[in-house]
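One-based numbering, in listed order, for ligands and for the atoms of each.
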Amino acid sequence: MYGFSFKEYVARAVEVVSDWQSRFSRYTVDPSLHVNADDFERAFTSFVERIYNTYPFFHPLYAGQMLKPPHPAAVVGYLVAMQMNPNNHALDGGPETGAMEKEVVAELAAMVGYDEHLGHLTSSGTIANLEALWIARELAPGKSIAFSSQSHYTHARMCGVLNVATVEVPADNAGRMDLKALRARLLSENIGTVVVTLGTTGLGALDPLDGILEMREEYGFGVHVDAAYGGFFSLLAQDDPETALVPPEIFRALRHADSFVVDPHKHGLQPYGCGCVLFRDPAVGRFYKHDSPYTYFTSDDLHLGEISLECSRAGAAAAALWLTLRLFPLRGDRGLGAVLRQCREAALEWAELIRTSEEFYLVIEPELDIVAFFPHSESFSASNISRMTKAMFDSAMDAFPEPIFLSLLRLPVSMLQSRYPEIIADRDEVTVLRSVLMKPEHRAYVPVIHQRLCAMYEELPGDISREK
Ligand SMILES: *Cc1c(COP(=O)(O)O)cnc(C)c1O
């Protein structure tokens with residue numbers, strides 16, 4: 001299916017490790033570690049029954065949350081390294097996977113145009129952001145951290161952990177940080193750092209990084225970019241600006257940000273456990289200064305634990321990413337860029353179908369690969385739209401024999417009203433449908449999904465939108 005035999009490489013992953021083990025003297029596995037083959041079979045059987053209770057993230061008809069499986073090549077890399085289980089905290093824990101991590105981190109830094117960098121992989125985007133916000137606090141002590149109302153919920157939470165005051169900046173009707181509102185808050189509040197989201201988790205909106213960087217000249221503050229989801233789309237910013245699928249001025253501005261976060265476990269084909277934080281100024285390494293009585297002995301080179309908040313981290317995550325990037329280089333014209341291009345095109349094509357349909361309305365024009373939309377309802381109020389949305393969501397997921405998986409998103413009604421003034425705001429929020437088209441196969445499935453959703457819409461009981 002993927003041009004190589006996954007089964008064969010899984011078998012080789014086992015062989016490679018036993019070959020490596022055979023280079024050391026033989027020993028006996030302690031009986032306390034033995035398992036009875038029948039017990040294993042029974043346990044495995046019930047395990048298999050349970051694990052099937054998982055949504056089919058791999059399938060193009062799963063077009064819901066920001067979820068997909070890793071590329072099989074990443075699994076092979078992970079499987080080999082996982083059996084050895086290096087720990088990328090220190091070179092004592094994994095000299096080679098530590099080196100691989102430094103290489104892939106340098107590639108991610110180059111992707112956004114950093115000349116110099118300090119950074120490392122993390123177990124998630126949340127931890128990567130926590131680290132960037134912690135450094136931001138150290139660089140601007142006593143000042144607050146600002147982020148938009150559409151930014152990821154973990155920023156407020158992590159500022160709580162860090163005991164830093166926060167400023168929420170309203171989003172505009174396209175879900176982007178409102179520049180005017182930011183300016184007003186820069187004047188009235190003591191803001192040390194602005195978190196700019198490139199690709200909000202809800203709508204995939206792009207905060208105006210270029211405009212915010214201009215403001216930095218004027219007001220002086222740090223800029224951290226949360227590109228956990230959207231960061232890899234910078235690969236498409238190298239295209240001819242006339243035809244580029246993403247706004248080049250925004251992604252090309254990334255090189256001027258003080259720090260940024262990108263999650264290879266979102267759009268980088270990796271299994272969970274792989275975020276990345278990068279700083280433009282390597283001198284921030286001074287804030288990490290600590291000693292460890294246990295580690296950092298085998299080498300005088302940089303141990304990743306010396307520049308990261310976490311201690312143990314899977315060396316297998318670095319190995320998997322390293323192997324993946326040999327096959328899917330960070331290029332716009334091929335490799336990972338070709339994957340993202342399909343996703344972006346899928347979103348554009350579906351947006352066009354929705355815009356011209358009678359059954360559905362587009363919330364905003366998609367900026368990356370998330371499409372948000374809602375069904376037509378006879379009485380156009382926030383509560384009726386929400387009810388119809390929920391009915392569509394349920395009937396898509398209950399469809400037999402092949403369900404379609406979508407997700408839901410709550411938004412301020414005012415955002416929809418800016419495009420559809422006739423919507424009655426009988427409450428402040430409205431629930432809409434949301435689809436993350438993060439698999440390249442989604443492109444071919446967009447017409448199928450759209451047509452099936454239109455047919456389901458026709459089948460909805462006519463009075464749903466009038467129910468009380
Ligand atoms: C997913 C996401 C996060 C959180 O990352 P995790 O890897 O899930 O911890 C933070 N910010 C944005 C914009 C995200 O999309």
What atoms of ligand 1 come within less than 4.0 Å of a heavy atom belonging to [X]?
X: Gly199; result: 13 (C)
X: Gly125; result: 5 (O), 6 (P), 7 (O), 9 (O)
X: Ser124; result: 7 (O), 9 (O)
X: Thr201; result: 12 (C), 13 (C), 14 (C), 15 (O)
X: Ala228; result: 2 (C), 3 (C), 10 (C), 11 (N), 12 (C), 14 (C)
X: Asp263; result: 5 (O), 6 (P), 7 (O)

Side-chain (Ser234) to main-chain (Phe251) donor-acceptor, under 3.5 angstrom: no
Among all protein heavy atoms, pick the one closest to [atom] and tell me residue, atom and distance.
atom: atom 1 (C) of ligand 1; value: Lys266 NZ, 1.2 Å
atom: atom 9 (O) of ligand 1; value: Thr126 OG1, 2.5 Å
atom: atom 11 (N) of ligand 1; value: Asp226 OD2, 2.6 Å

Taking all heavy atoms of Phe4 and all of Ala73, pick out the closest pair and write down the distance. CZ-N, 4.0 Å
With side chain to side chain contact (heavy atoms under 4.5 Å, CB included) as the test, pick out the partner of Leu406 among Leu61, Leu453, Val371, Val436. Leu453
Sole residue of Leu411, Leu368, Ile370 in side chain to side chain contact (heavy atoms under 4.5 Å, CB included) with Leu203: Leu411
Could you grab the distance from atom NE2 of His117 to atom CG of Asp281, nearest 0.5 Å is fine? 12.5 Å
Would you call Ser151 a ligand 1 contact, heavy-atom distance under 4.0 Å? no
Mark the output for His155 as yes if a heavy-atom distance to ligand 1 is under 4.0 Å, and as no if none is. no
Mode of Thr200 contact toward ligand 1 - side chain, backbone, both, neither (heavy atoms, under 4.0 Å): neither
Would you check whether Met66 has a nitrogen or oxygen atom less than 3.5 angstrom from a nitrogen or oxygen atom of ligand 1? no
Does an N or O from His265, backbone or side chain, lie closer than 3.5 Å to an N or O of ligand 1? yes
Measure the acute angle between the ring planes of Phe374 and Tyr361, then classify it against the limits of 30° and 60° as parallel, tilted or perpendicular. parallel
So, using salt bridge (Lys or Arg N to Asp or Glu O under 4.0 Å) as the criterion, who are the partners of Glu306 when residues are at least two apart? none
Modelled atom types, side-chain donor and acceptor of His267 and Asp369, under 3.5 Å: yes
Measure from the ring center of Tyr2 to the ring center of His71 and say whether it is less than 6.0 Å. yes
